[in-house]
Amino acid sequence: EAGVTQSPTHLIKTRGQQATLRCSPISGHTSVYWYQQALGLGLQFLLWYDEGEERNRGNFPPRFSGRQFPNYSSELNVNALELEDSALYLCASSSTSGFNEQFFGPGTRLTVL
Amino acid sequence: EDKVVQSPLSLVVHEGDTVTLNCSYEVTNFRSLLWYKQEKKAPTFLFMLTSSGIEKKSGRLSSILDKKELFSILNITATQTGDSAIYLCLISYNTDKLIFGTGTRLQVFP
């Protein structure tokens with residue numbers, strides 16, 4: 001069974017640009033979670049989608065947004081990139097909302113120059 | 001304010017030692033606590049705890065939750081160099097909130 005996949009593996013952007021990160025959950029999983037892990041910081045919860053709807057978001061500005069598609073894959077969009085957005089972005093999926101084991105993808109390393 | 005604190009922040013031991021990692025939390029309407037191991041990128045699942053006092057065990061790793069004192073411990077016995085990683089706890093609470101602890105970095109030397 002394929003695990004959670006994310007693309008791209010690495011992404012380099014300049015300040016002010018937009019970045020789009022993609023995540024495909026494990027087949028049969030309906031919940032997708034996005035986390036940011038900046039250097040020296042822990043995993044910060046970003047967004048949670050379930051059945052196509054945003055269930056909750058962490059303490060991030062509105063320029064962090066996303067969506068979940070009918071096939072349960074998800075996109076994370078970061079607008080007006082800032083240097084401090086440089087981080088590893090991890091996506092996870094679970095079979096039911098929230099309180100079960102989350103399986104993580106390999107992450108996308110975003111570098112903002 | 002809801003928070004999750006892990007201790008110690010960092011731990012250096014020799015192979016064969018036993019370590020105890022702590023995850024303390026202050027959240028409203030606790031639902032579950034999950035332990036993860038993060039070596040390079042993707043955290044891998046270790047345990048999920050919802051009930052107090054019931055030990056979960058997998059090989060040399062075990063974990064228990066104390067909902068009265070609001071903490072969980074993760075024990076690793078007979079540590080090996082492959083146990084070197086960051087250990088994270090994730091708390092789910094209220095109906096739809098999630099928060100990770102800051103993690104404990106464990107380094108095991110031969």
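Chain A is the first sequence line, chain B the second, and so forth, proteins listed ahead of strands; every chain is numbered from 1.
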* Same cluster or not: are B/Leu65 and B/Tyr87 linked, directly or through other Ile, Leu, Val, Met, Phe, Trp or Tyr residues, by side-chain heavy atoms under 4.5 angstrom apart? -> yes

* Would you find more than 12 non-hydrogen atoms of other residues, nucleotides or ligands less than 6.0 Å from B/Glu26 atom CD? -> no

* Asked: So B/Phe100 and A/Phe45, ring pair (Phe, Tyr, Trp, His ring centres under 6.0 Å) or not? Walk me through it.
  -> CA-CA 7 Å; B/Phe100 265 105; A/Phe45 168 66; 9.2 Å; no

* To do: Decide if atom CZ of A/Arg15 counts as having more than 12 heavy atoms of other residues, nucleotides or ligands within a radius under 6.0 Å.
  => no

* Asked: Where do B/Ala42 and A/Gly105 come nearest, in terms of heavy atoms and distance?
  -> CB-O, 2.9 Å

* Structure fact -> The interface call for A/Leu88 against chain B, heavy-atom contacts under 4.5 Å, is side chain

* When the aromatic ring centroids of A/Phe104 and B/Phe45 are compared, is their separation below 6.0 Å? -> no

* Asked: According to a 4.5 Å side-chain heavy-atom criterion applied to Ile, Leu, Val, Met, Phe, Trp and Tyr, with indirect links allowed, do A/Phe103 and A/Leu76 form part of one hydrophobic cluster?
  -> no

* Honestly curious: do B/Phe30 and B/Ile64 fall in one hydrophobic cluster under the side-chain, below-4.5 Å linking rule? -> no

* Asked: Is it the backbone or the side chain of A/Gln37 that comes under 4.5 Å from a heavy atom of chain B, or both, or neither?
  -> side chain

* To do: Could you tell me whether a side-chain N or O of B/Tyr36 sits under 3.5 Å from a main-chain N or O of A/Gln102, the two making a donor and an acceptor?
  => yes

* To do: Quick one: do B/Leu90 and A/Tyr35 satisfy side chain to side chain contact (heavy atoms under 4.5 Å, CB included)? Show the steps, please.
  => CA-CA 12 Å; B/Leu90 170 66; A/Tyr35 297 91; 4.1 Å; yes

* Asked: Are A/Leu43 and A/Tyr89 connected in a single hydrophobic cluster, I mean Ile/Leu/Val/Met/Phe/Trp/Tyr linked by side-chain heavy atoms less than 4.5 Å apart?
  -> no

* Working for side chain to side chain contact (heavy atoms under 4.5 Å, CB included), residues B/Leu98 and A/Asn56 -> CA-CA 9 Å; B/Leu98 298 165; A/Asn56 200 5; over 6 Å; no

* Hphob cluster co-occupancy, B/Ile73 + B/Ile76, side-chain heavy atoms under 4.5 angstrom -> no

* Asked: Given that the side chain runs from C-beta out, which part of B/Leu88 has a heavy atom under 4.5 Å from chain A: side chain, backbone, both or neither?
  -> side chain

* Asked: For B/Gln6, is it the side chain, the backbone, both or neither that has a heavy atom under 4.5 Å from a heavy atom of chain A?
  -> neither

